[in-house]
Structure formats: structure tokens, C-alpha cells
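Take a look at the structure set out below.
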Amino acid sequence: MSKGLPKRSEDYSLWYNELVKRADLAENSPVRGCMVIKPYGYSIWEKMQAELDRMFKETGHSNAYFPLFIPKSFLSKEASHVEGFAKECAVVTHYRLKNAEDGSGVIVDPEAKLEEELIVRPTSETVIWSTYKNWIQSYRDLPLLVNQWANVVRWEMRTRLFLRTTEFLWQEGHTAHATSEEAMAETVQMMNVYAQFAEEFMALPVVRGRKSANERFAGADDTLCIEALMQDGKALQAGTSHFLGQNFAKAFEVKFATKEGGLEYVWGTSWGVSTRLMGALIMAHSDDNGLVLPPKLAPFQVVIVPIYRGEDELALISVKAKEIMADLRKAGISVKYDDRDTQKPGWKFAEYELKGVPVRIALGPRDLENKTLEIARRDTLTKESFQWEDMPIAEKIGGLLEEIQNGIYQKAFDFRKENTTEVNSWEEFKQVLEDKAGFLSAHWDGTPETEDKIKELTKATIRCIPLDQVLEQGVCVFSGKPSSGRVLFAKAY
RNA sequence: CGGGGUGUAGCGUAGCCCGGUAUCGCGCCACAUUUGGGAUGUGGAGGUCGUAGGUUCGAAUCCUGCCACCCCGACCA
């Protein structure tokens, strides 16, 4: 591994790509647009999954699994849905290969053509609603609250590790309800679950909002979202929660008998977050030395690096190190002891910085003598000497981890605050977008035409209409027409 | 899918214009000395030059197709 990461200030994209690879998170695969998620990266994803899964279950959802393949005909049942996804679907047309007659390898067997092609799911609404038709007959079957952890495929033109890959991992929740109000409440609830997860675990402040009609999910009546701001001033949609109305119920004939004896279409929601969250996590906190991970999602929170000459010294240090590890683990802190003699301490320091381990403890003969530890924190890159007798080590480290978790959240929060600008004229809009980027809070006349025009001229889109939007009279920054509140614009990933 | 760029050892590269079998650094292996911020020395291994064709006595180098990656558009979580 060569030294030195590219600088964020010089080439943000290059910095991001290099960081993902060098920190052992992921790498490109032989298939265009697909990635291999490496063990270190995957263990961060597993932490995210575990936490989200717990939150889904706490809110009454159960996991299930639906198939990867969807009959082609299903895609055409919901008109706007097919329009949204048709252009990026992988299609299975054959089910068999055979040896080429010229011995050049295997070819697709032309005789093994499928009667009806199969679509590799870009999302599972269609297959799930076709199943729900059989599961739902009565109001007694509702609400139906299901989540699945799965992979999906969207054949995107341009891909980037974690942020947009052809295949990605995600969860998709699909719920069915008796009333519109209940489905809307579910949509809001899940957006709030996402927001809470992002802020509490990823240390990522997000704006909760509603998508404009242009940005709404294909097949939804309403899309709620959480939007985050990255260090380069671009916005990233971190999660979406859709109110599907009765669109899919109608498309797949999902009706239920009401308590009163009527027959009605059910109301639906769907909501998802993906491995894109990994991209958000990386871009939100990391620096030119590498990854900075929030303690709550770090594969291990503490690493202990022994400093020693010779086996005997290592043996002495290891006794103390193991004692510290036991204390930390008892307190629920994950810790790794790196006593490899194949790398030198300086190399390890740099390595764990690159990998974003929140706290590093160095322990050497000097420490044994003075009853101290060198404790370094990743977020601030500061070091302190800690006296064993001052307070229990687990208490010290536990406090520090909490400080780091809060510290990086606050830093990201302050960054977003500094990079959210109220603009009141078109000139100002263009100027701020050009010079500073970030979120632009501006009045908008509420029409898709204006939004399209602004996108065309500046590449900025409406990220969301914040849920905490203040109602105030104003004029649209572009058209000059009346507006009743500000929305957030930004260039987005 | 349109415009631009790049593919040479695990990684980063020189060589390409002007054709003669590949340079350097990091990493890797062995040994020794080292170990509190990416060690040093000595020796060593590692290449169908992205891929498939073509031109030529001879191709990393010239020509054509294809593939992948990066940047900029359109599309998108």
C-alpha cells in the first residue's frame, strides 16, 4: 500500500474512490458497475443492518424474503412504476448454456429461451403486491408489516462505489393498511426511524422532508425522505419512505372486506435504505488521513498497539493489554489487540487511522513503568497520556467514545449549518451555488416547470420540502410568482 | 448512451510520437539489524504490455474492433 491519500481539497472524487479502496471497504468487480464489499466494509454494513433491523422489529415489522426474479408482465401493471424503472432493468431471457461447437467456450443455448422473460428486481413492489393479493382478504389481515433484506439491480449509466452500483444491498419495507391515514402514519414513522438511525448511529444530521412531484418515487402518491449534506457541498438522499396510496392495490387487485361489510382497496407504503448509506458515512466524516467512523458503527471501537523490543517485553505488555481488553469488553466496548510482529507501530498507527478506528491505545515499557497509556482519538487526531489509577479504563474509554460520537455529529451539524444559505434572488441563487454550494433555502412557486428549468440551468434540484418548513409569504426565486414557504435546493449525488 | 481521457508485475509508473522483447518506486520473499508515527541494508521472485484481430522479418509502440476504469453530460437510491 502506498502512502498518502489524495487531498479532499484537490480532488474530492479521487479522494473518495481511493479511500474506499485503501480502507478495505470495497473494490470494483469484473462486472461493470458491481462491487466486491470487503470484510471490513461489510462489517460496517452488518452493524447498520443490525441496528435498523432492531428498529424495524420494535415498530412491529417482520422480515420475509421474496424472489429475485419478477415476471416481465408484472412490471407493466402499474403505469408510472414501469416508466420509472423500465430503462434500467436486467432481463433474463435464457436458462441454459452449452459448449460452443468450435470449442471456444460456452454459449447461450438458443433452444433454452424463456417463454416469458424474467426481470431481475430493481425493487420488489410488483412481486410483493401480487403476493399480498393472496394474503389479504379481510380487515383482520391488516395491517401487514413486512420488511426484506435483499439485493436489487438497476442498470445505471454511471456507477460509483457504494453511491451508485448496478447491484446494491438494501432493505425494503412493504406495508398494507386499511386506511389512508394509517398508511400515511406508517410512511412518516419509517422516515423518522431512518432519521433517528442516521443521527444517532451514523452521527449524520439529516433534513426530514417531502419530495416534490418531480423527484417522487415511480408509483407513489407521496415520498418522504431524509437528506444529508456531504463535505463537498453536494446533497445525498439517504433514505426514502413512500406513501403508495392505492396504486399497487389497484394494479394487483388487492382488496379487503371492511368491518362494515364493504370491499375496498388497501393502502400501501414502501421504504428503503441501501448500501448507499456507506457512502454517506464515508463522505460525511472522513478526512485526508482516512476514514473517521462513528463509534456506534465501527467494526471495532478500540485498537491496542503494543510497543516492544523482543518476546519478553511483549509478554509483559500483553498481560496488561489483555487485562485492559477484558475490562473494555465487560463494558460492552469492542477492542482489537494488534500484537503482530510483522508490522511496526508507526505502520499500525497509520493503518488504523486510515480505517477510522475511533480510539487507539499504545502500550509500551515506558507505560508499564509509569502506569500510563497513550490514548489517541481518531476524530481530532489528538493524543493524551492516561494514568491507570485516575479512573477505571473502561469508564475513561466509554466516555471518550461517547464524546467522539457526539463530536463528529456536532461537526457535521455545524458544517451543514454553515453550508445552508437563504437566498432571495436568482442572482444570489446562482452565485451561492457557484461559490459555496451546499443547501440553498429558497422560495419556489410549486410548479414542476420551474423546478425543471432551474435544474436545466444550474443542475440543482429540490432536495426536499422540509417538514419543519415555516409558512411565510415570498416570491419564487426563479419565476417571481408567489410562494408560501422555502424549499431546499442543492446539487445532489 | 454522447464528448474527453486512461489501461504496462499486487499498486503507482517510464518507454509509444520515431517498431528490435520492458524502466523506476512501493509492496512481496529470505537473512541481518530494528520496533513510542508508515525502518535500514544485502540478496531474490514476480510481466501472454486490457483484449481480439490486422500490418510487418519483427508490435507495448502503427491500424481496426471490443472490454474496463476515470472525468463531463443525460438517467438514477
Side-chain angles (χ1 to χ4, degrees), chain A residues 1-6 11-14 16-18 21-22 27-35 83-89 104 122-123 151-172 194 211 214-218 223 225-228 235-242 270-280 289-290 305-311 313-314 317 339-354 360-370 372-374 376 381 383 385 455-456 459 461 463 492-493:
Chain A
M1 188 176 303
S2 56
K3 296 180 201 177
L5 213 51
D11 190 337
Y12 193 83
S13 305
L14 186 65
Y16 174 82
N17 287 333
E18 284 295 307
K21 288 178 204 159
R22 293 202 206 178
E27 61 192 34
N28 283 305
S29 79
V31 180
R32 175 195 168 78
C34 293
M35 66 177 166
E83 199 181 320
F85 288 104
K87 285 173 286 182
E88 52 188 44
C89 284
S104 62
T123 179
N151 57 340
V152 289
V153 166
R154 296 184 189 173
W155 217 266
E156 302 286 355
M157 295 303 168
R158 272 178 74 191
T159 60
R160 290 191 73 191
L161 293 168
F162 289 118
L163 296 173
R164 183 174 298 107
T165 44
T166 301
E167 177 193 20
F168 55 96
L169 306 184
W170 76 345
Q171 60 67 218
E172 46 182 328
Y194 289 155
K211 285 293 184 190
N214 278 8
E215 300 276 325
R216 193 178 288 156
F217 176 73
T223 290
C225 62
I226 54 170
E227 291 282 330
L236 184 90
Q237 179 175 303
T240 47
S241 182
H242 314 292
S270 68
W271 28 274
V273 295
S274 71
T275 34
R276 178 178 241 205
L277 287 180
M278 293 285 293
N289 292 308
V305 177
I307 316 284
Y308 61 94
R309 295 162 207 262
E311 291 291 313
E313 214 167 72
L314 175 62
I317 289 162
D339 61 350
R340 288 178 296 174
D341 65 354
T342 51
Q343 309 293 353
K344 298 188 40 164
W347 188 93
K348 292 176 187 173
F349 293 168
E351 175 74 3
Y352 292 115
E353 248 155 48
L354 180 64
R360 183 185 72 234
I361 296 175
L363 182 61
R366 224 155 59 199
D367 296 299
L368 290 186
E369 198 174 311
N370 304 327
T372 57
L373 298 173
E374 183 190 85
L381 293 168
K383 288 192 268 198
S385 184
K455 183 177 180 182
E456 191 187 319
K459 291 178 211 158
T461 51
R463 297 326 301 152
Y493 275 97

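Note: hydrogens, waters and symmetry copies are ignored here, and every other heavy atom, side chains too, is used. So you know, we letter chains A, B, ... as the sequences are listed, proteins then strands, and number each from 1. This structure is a prediction, so every number in the text was calculated from the model and none was measured.
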Exercise. Rounded to whole angstrom units, what separation is found between the CD1 atom of A/I307 and the P atom of B/G38?
Worked result: 11 Å
Exercise. Hey, does the side chain of A/Y194 reach the backbone of A/G272 with a donor-acceptor pair shorter than 3.5 angstrom?
Worked result: yes
Exercise. Between atom CE in A/M35 and atom P in B/C70, what is the gap in whole Å?
Worked result: 13 Å
Exercise. What dot-bracket string describes RNA chain B from 5' to 3', counting Watson-Crick and G-U wobble pairs whose defining distances are under 3.5 Å, with [ ] for crossing pairs and | for pairs to another strand?
Worked result: (((((((..(((.......[...))).((((((.....)))))).....(((((..]....))))))))))))....
For this session: Measure from the side-chain heavy atoms of A/N17 and tell me the nearest of B/G73, B/C71, B/G36.
Result: B/C71
Problem set entry | Residues in salt bridge (charged side-chain N to carboxylate O under 4.0 Å, His left out) contact with A/E215, at least two apart in sequence or another chain | A/R463
Exercise. Looking across every strand, which nucleic acid part, if any, lies under 4.0 Å from A/R340 by heavy atom: base, sugar-phosphate, or nothing?
Worked result: nothing
For this session: Would you mind classifying the nucleic acid contact of A/T166 as base, sugar-phosphate or nothing, using non-hydrogen atoms under 4.0 angstrom?
Result: nothing
For this session: Look at the aromatic rings of A/H242 and A/F217 and report parallel, tilted or perpendicular, splitting at 30° and 60°.
Result: parallel
For this session: For A/F217 and for A/R366, find the nucleotide of RNA chain B with the closest heavy atom, then tell me which residue's nucleotide is more 5'.
Result: A/R366
Problem set entry | For atom CG of A/L5 and atom C1' of B/G38, their distance in whole Å | 14 Å
For this session: Check the distance between B/U40's P and A/W347's CH2 and give it to me in whole angstrom.
Result: 15 Å
For this session: Pick base, sugar-phosphate or nothing for A/S274, based on heavy-atom distances below 4.0 Å to the nucleic acid.
Result: base
Exercise. Looking for any heavy atom pair under 4.0 Å, which part of the strands does A/Q237 touch: base, sugar-phosphate only, or nothing?
Worked result: sugar-phosphate
For this session: List in chain and number order the residues that pass salt bridge (charged side-chain N to carboxylate O under 4.0 Å, His left out) with A/E313, two or more places apart in sequence or in another chain; answer none if no residue qualifies.
Result: none
Seminar exercise, completed: By nearest-heavy-atom nucleotide on RNA chain B, the more 5' of A/L163 and A/L14 is A/L14
Exercise. A/D341 has an atom CG; how far is it from atom P of B/U34, in whole Å?
Worked result: 15 Å
For this session: Tell me, please, which residues at least two apart from A/E18 pass salt bridge (charged side-chain N to carboxylate O under 4.0 Å, His left out).
Result: A/R22
For this session: Check the distance between B/G37's C1' and A/E374's CD and give it to me in whole angstrom.
Result: 9 Å
Seminar exercise, completed: Of the listed B/G37, B/C72, B/U34, the closest approach to the A/K344 side chain comes from B/U34
For this session: Mind checking A/G33 for me? I need base, sugar-phosphate or nothing, with any heavy atom below 4.0 Å counting as a touch.
Result: sugar-phosphate
For this session: For A/E353, check salt bridge (charged side-chain N to carboxylate O under 4.0 Å, His left out) against everything at least two apart and list the hits.
Result: A/R360
Exercise. Using atom C1' of each nucleotide, how far apart are B/A39 and B/U34 to the nearest Å?
Worked result: 7 Å
Problem set entry | Residue A/E351, side-chain heavy atoms: nucleotide from B/G38, B/G73, B/G37 that is nearest | B/G38
Exercise. If the P atom of B/U8 is compared with that of B/G2, how far apart are they to the nearest Å?
Worked result: 25 Å
For this session: Write down the distance between CD1 (A/I317) and C1' (B/G36), rounded to a whole number of angstrom.
Result: 10 Å
Problem set entry | Rounded distance in Å between the P positions of B/G10 and B/C17 | 26 Å
Seminar exercise, completed: A/A350 has its side chain closest, among B/G36, B/G38, B/C72, to B/G38
Exercise. Between B/U40 and B/U21, how far is it from one P atom to the other, in whole Å?
Worked result: 34 Å
Exercise. Within this structure, what is the CD-to-P distance between A/Q343 and B/C28, rounded to whole angstrom?
Worked result: 7 Å
For this session: Check whether any side-chain N or O of A/K455 sits under 4.0 Å from OP1 or OP2 of B/C75, and answer yes or no.
Result: yes
Exercise. Looking at A/S13, does any N or O in its side chain come under 4.0 Å of the phosphate oxygens OP1/OP2 on B/C70?
Worked result: no
Exercise. Does A/R158 make a side-chain N or O approach to OP1 or OP2 of B/C72 shorter than 4.0 Å?
Worked result: yes
Exercise. Who passes side chain to side chain contact (heavy atoms under 4.5 Å, CB included) against A/E167, sequence neighbours left out?
Worked result: A/C34, A/N151, A/V153
For this session: Take atom P in B/G50 and the same atom in B/G43, then report the distance between them in whole Å.
Result: 31 Å
Seminar exercise, completed: Out of B/G37, B/C69, B/C75, minimum distance to the side chain of A/E353 belongs to B/G37
Exercise. Would the number of heavy atoms belonging to other residues, nucleotides or ligands and lying under 6.0 Å from CH2 of A/W155 be above 12?
Worked result: no
Exercise. If you measure from the C1' atom in B/A14 to the same atom in B/A60, how many Å do you get, rounded?
Worked result: 12 Å
Problem set entry | Nearest-0.5 Å distance, CG of residue A/L368 to CG of residue A/L373 | 9.0 Å
Problem set entry | Interatomic distance, A/R366 atom CZ to A/T372 atom OG1 [nearest 0.5 angstrom] | 8.0 Å
Exercise. Rounding to the closest angstrom, what is the interatomic distance between B/U23 and B/A45 at atom P?
Worked result: 13 Å
For this session: Report yes if at least one side-chain N or O of A/R309 is closer than 4.0 Å to OP1 or OP2 of B/U35; otherwise report no.
Result: yes
Problem set entry | Interatomic distance at C1', B/G38 relative to B/U42, whole Å | 22 Å
